[in-house]
Undergrad: 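To start, I am sharing the structure in question, which I have written as structure tokens.
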Amino acid sequence: MIDFLLSWLNGVPPELVSFLLASLPLTESRLALPLALFVFDLSPLTAFVSTFFGNLLPVPALYALLPSCITFATAHVPMLDRWFNGWFESLRKKHSEGYSKWGALFLFILVVAPGPGTGVWTATVLAILFRVRPIFAILSIAAGLFVGSLAILGVSLGVFEGIKLL
């Protein structure tokens, strides 16, 4: 899939490709940042900045559009209503204890923690689901993304530089 994306985006500035890859839910900055460093040969600062802001791009868009899109879709397609209700219920079961214990700090932790089902997209959907005030959610998510991206940058540079020494 990444080869397809890279061939499709051939000729596009690498900073913009990194930005766009970071905005996608499957890649986010966890994959886009190492690609920016080692495939596109961007400087660490440029790679960090382009993927950080690319990964933040969906947050306000999701906050602005997701609730009304879900309301519209569930009102017109009963199967989607059942699917969204099931999905939201599974998210509530999985994350309600963490959210009730930690509040908006839970979003920070969720974004920093590496692993499947964590990241900016999931944290934003959970913030909408738990009705976290947008300012608190966005600040928590941005702080988590900043710390998480610094960790990815450090690990990427350390691991790949170490491999070069071999």
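Here the structure is a predicted model, which is why all the values come from computation and not from measurement.
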Undergrad: Quick one: do the Arg30 and Ser156 side chains pair a donor with an acceptor below 3.5 Å?
TA: no
Undergrad: Heavy-atom distance under 4.5 Å between the side chains of Val111 and Phe106, does that happen here?
TA: no
Undergrad: What closest approach, in Å, do His76 and Pro78 show between heavy atoms, and which atom pair accounts for it?
TA: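 Where His76 meets Pro78 most closely, the heavy atoms are O-CD, 3.8 Å.
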Undergrad: Identify the two heavy atoms, one from Pro67 and one from Leu62, that lie closest to each other, and give their separation to 0.1 Å.
TA: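 Taking every non-hydrogen atom into account, CD-O, 3.6 Å.
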Undergrad: Drop me the distance from Leu33's CG to Phe48's CZ, to the nearest 0.5 angstrom.
TA: 8.0 Å
Undergrad: Check step by step if side chain to side chain contact (heavy atoms under 4.5 Å, CB included) holds for Leu157 and Phe38.
TA: CA-CA 9 Å; Leu157 291 176; Phe38 302 111; 4.3 Å; yes
Undergrad: Checking Thr46 against Ser43 for the side chain to side chain donor-acceptor pair (under 3.5 Å) test, could you report, in this order, the C-alpha distance in whole Å, the side-chain angles of both residues, the deciding distance, and whether it holds?
TA: CA-CA 5 Å; Thr46 303; Ser43 72; 2.9 Å; yes
Undergrad: Do any N or O atoms from the side chain of Ser50 and from the backbone of Ala47 form a donor-acceptor pair under 3.5 angstrom?
TA: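 Yes, because the side chain of Ser50 sits within donor-acceptor range (under 3.5 Å) of the backbone of Ala47.
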Undergrad: Do Leu42 and Leu37 touch side chain to side chain, with heavy atoms closer than 4.5 Å?
TA: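 Not touching, per the 4.5 Å side-chain cut-off.
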Undergrad: Just wondering, do Val77 and Phe72 contact through their side chains at under 4.5 Å, heavy atoms?
TA: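 No; the side chains remain at least 4.5 Å from each other.
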Undergrad: Is Tyr63 close to Val132 at the side-chain level, that is, under 4.5 Å between some pair of heavy atoms?
TA: yes
Undergrad: Quick one: does Ser23's side chain get under 4.5 Å of Asn55's, heavy atoms only?
TA: no
Undergrad: CD1 of Ile141 to CG of Leu107: how many Å apart, nearest 0.5 Å?
TA: 5.0 Å
Undergrad: What distance separates Glu15 CD from Thr51 OG1, expressed to the nearest 0.5 Å?
TA: 11.5 Å
Undergrad: Could you tell me the separation between the CZ atom of Phe52 and the CD1 atom of Ile152, rounded to the nearest 0.5 Å?
TA: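 Reported value, rounded in 0.5 Å steps: 12.0 Å.
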Undergrad: Would you indicate whether the side-chain heavy atoms of Leu105 and Ser140 approach each other to under 4.5 Å?
TA: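 Ser140 vs Leu105: side chains apart.
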Undergrad: Is the ring centre of Phe108 less than 6.0 Å from the ring centre of Phe146?
TA: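 Phe108 vs Phe146: aromatic centres not under 6.0 Å.
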Undergrad: Distance check, rounded to the nearest 0.5 Å: Thr124 atom OG1 versus Ile138 atom CD1?
TA: 8.0 Å
Undergrad: Please tell me if the side chains of Leu126 and Leu129 come closer than 4.5 Å, counting only heavy atoms from C-beta onward.
TA: yes
Undergrad: Can you find a pair of side-chain heavy atoms, one from Leu35 and one from Ser18, that are under 4.5 Å apart?
TA: no
Undergrad: Transitively linked via ILVMFWY side-chain contacts under 4.5 Å: Leu65 with Leu57?
TA: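 Per the 4.5 Å side-chain linkage, Leu65 and Leu57 are not co-clustered.
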